[in-house]
Protein chains: 2
Amino acid sequence: MDQIFKALANQSRREVMDKIFARDGQTLSELCEIASFSRQAVSKHLQILEDAGLVVTHWSGREKLHYLNPAPVHEISERWLKKYARRQMTAISALKETLEK
Amino acid sequence: MDQIFKALANQSRREVMDKIFARDGQTLSELCEIASFSRQAVSKHLQILEDAGLVVTHWSGREKLHYLNPAPVHEISERWLKKYARRQMTAISALKETLEK
DNA sequence: TTGACATGCAACCTTTCAGTTGCATATAAT
DNA sequence: ATTATATGCAACTGAAAGGTTGCATGTCAA
């Protein structure tokens, strides 16, 4: 869980995820195209995403293909965010009242 | 957005949030009770949460009261996670098929 | 079989992060 | 008035994060 949050905490990694989201099965080289930094840096980011279970890989010859795994995102959404987001409706007005006391 | 993700990326901060979640309006001292580290550390964490908009504060005399603001969590859920979580249903079986090719 | 391409591994550097300690300030209680 | 309580601010430290460079390895193509 901590691993997933940490993996998502970096802008570059979220961009990489967005690029995979756009088209599943891209190689490392393809994913490097958008990046403003080196292949090794992208590779490290992908490793972190993979360790967190957010990305799944598959070798095809000398190419490493990258696929998104939405399960961890879904899990965080279910187990953690929902708890807080549920307060969304009533919280703001209640908060205002409290603060005005 | 980046600020919110970064704020959530730390276990201690999520624990602090959980404690506020349990009862809104706790003081800094109260929030320190659960923590395994110094008041200053907790204070720093709260500042980061506050900067990210996740926590709202209110002074009452010499005491600083802390309230949860679920809006940013909700926003992340809506604007970012939903996009990925939506794939949840079909993704796994599709992924398996792809990988078996 | 030689050369080009796709990737991995490891050492290194700089910046950020999480936490500490020490001191200052403001409010409450005696 | 004095003391205790609640908090803030700033400097410091060790560890982790994000990135780089250089070299090694495995696979495809000519």
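Below, all heavy atoms of this structure are taken into account, side chains as well, without hydrogens, waters or symmetry copies. Below, read A as the first sequence line, B as the second, and so on, with proteins coming before strands; counting in each chain starts at 1. From a predicted model like this one, the values you see are computed outputs, not experimental measurements.
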Engineer: So, using side chain to side chain donor-acceptor pair (under 3.5 Å) as the criterion, who are the partners of B:Gln47 when residues are at least two apart?
Structural biologist: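 For B:Gln47, the residues satisfying side chain to side chain donor-acceptor pair (under 3.5 Å) (neighbours in sequence not counted) are B:Asp51.
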
Engineer: Could you give the CD-to-C1' distance, from B:Gln26 to D:dT7, as a whole number of Å?
Structural biologist: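 B:Gln26 atom CD is separated from D:dT7 atom C1' by 16 Å.
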
Engineer: Base, backbone or nothing for each nucleotide of nucleotides 14-25 of chain D, written B, S, -, heavy atoms under 4.0 angstrom, 5' to 3'?
Structural biologist: ----SBBBB---

Engineer: Tell me the ring pair (Phe, Tyr, Trp, His ring centres under 6.0 Å) pairs involving residues 8-28 of chain B, sequence neighbours left out?
Structural biologist: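 Sorted result for residues 8-28 of chain B: A:Tyr84-B:Phe21.
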
Engineer: Provide, to the nearest angstrom, the distance between the CG atom belonging to B:Leu49 and the C1' atom belonging to C:dA18.
Structural biologist: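 Roughly 13 Å, once rounded to whole Å.
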
Engineer: Would you mind reading off the distance between B:Glu33 atom CD and D:dT7 atom P, rounded to a whole angstrom?
Structural biologist: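 Taking atom P of D:dT7 as the reference, CD of B:Glu33 is at 11 Å.
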
Engineer: Taking atom P of C:dA6 as reference, at what distance in whole Å does atom CG of A:Leu31 sit?
Structural biologist: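 After rounding, the gap between these two atoms is 13 Å.
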
Engineer: For D:dT7 and B:Ser43 - does any side-chain N or O of the residue sit under 4.0 Å from the phosphate oxygens OP1/OP2?
Structural biologist: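 No.
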
Engineer: Between A:Ile20, A:Leu8, A:Asn69, which is the residue that forms a side-chain contact (heavy atoms from CB on, under 4.5 Å) with A:Leu54?
Structural biologist: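 Going through A:Ile20, A:Leu8, A:Asn69 one by one, the side-chain contact (heavy atoms from CB on, under 4.5 Å) with A:Leu54 is satisfied by A:Leu8 alone.
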
Engineer: Considering residues at least two apart in sequence or located in another chain, which fulfil the side chain to side chain donor-acceptor pair (under 3.5 Å) criterion with B:Glu15?
Structural biologist: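 B:Glu15: side chain to side chain donor-acceptor pair (under 3.5 Å) contacts with B:Gln11.
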
Engineer: Strictly under 3.5 Å: I want the nitrogen or oxygen pairs between protein and nucleotides 26-30 of chain C, one per line.
Structural biologist:
from: C:dT27; atom 1: O2; to: B:Arg62; atom 2: NH1; distance (Å): 3.0

Engineer: Under the rule for side chain to side chain donor-acceptor pair (under 3.5 Å), what residues qualify as partners of B:Lys64, not counting sequence neighbours?
Structural biologist: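 For B:Lys64 there are no side chain to side chain donor-acceptor pair (under 3.5 Å) partners, ignoring immediate neighbours.
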
Engineer: So, does B:Glu30 use its side chain to make a donor-acceptor pair with the main chain of B:Thr27 at under 3.5 Å?
Structural biologist: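 Yes, because the side chain of B:Glu30 sits within donor-acceptor range (under 3.5 Å) of the backbone of B:Thr27.
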
Engineer: In whole Å, I'd like the distance from the CD atom of A:Gln47 to the P atom of C:dT7.
Structural biologist: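 From A:Gln47 CD to C:dT7 P: 14 Å.
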
Engineer: By the ring pair (Phe, Tyr, Trp, His ring centres under 6.0 Å) test, which pairs, at least two apart or in different chains, include something from residues 31-57 of chain A?
Structural biologist: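 Qualifying pairs, neighbours excluded: A:Phe37-A:His45.
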
Engineer: Residues two or more places apart in sequence or in another chain: which of them pass salt bridge (Lys or Arg N to Asp or Glu O under 4.0 Å) with B:Arg13?
Structural biologist: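 Per chain and number, B:Arg13 pairs via salt bridge (Lys or Arg N to Asp or Glu O under 4.0 Å) with no residue.
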
Engineer: Measure from CD on A:Glu63 to P on C:dC5 and round the result to the nearest Å.
Structural biologist: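 Going from A:Glu63 (CD) to C:dC5 (P), I get 13 Å.
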
Engineer: For A:Glu30 and C:dC5, what is the distance between atoms CD and C1' respectively, to the nearest whole Å?
Structural biologist: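 The distance from CD of A:Glu30 to C1' of C:dC5 comes to 14 Å, rounded to the nearest Å.
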
Engineer: So, using side chain to side chain donor-acceptor pair (under 3.5 Å) as the criterion, who are the partners of B:Gln40 when residues are at least two apart?
Structural biologist: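 Side chain to side chain donor-acceptor pair (under 3.5 Å) list for B:Gln40, sorted by chain: empty.
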
Engineer: Please report the distance, rounded to the nearest Å, between CG in A:Leu28 and C1' in C:dA6.
Structural biologist: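 So the two atoms are 8 Å apart, to the nearest Å.
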
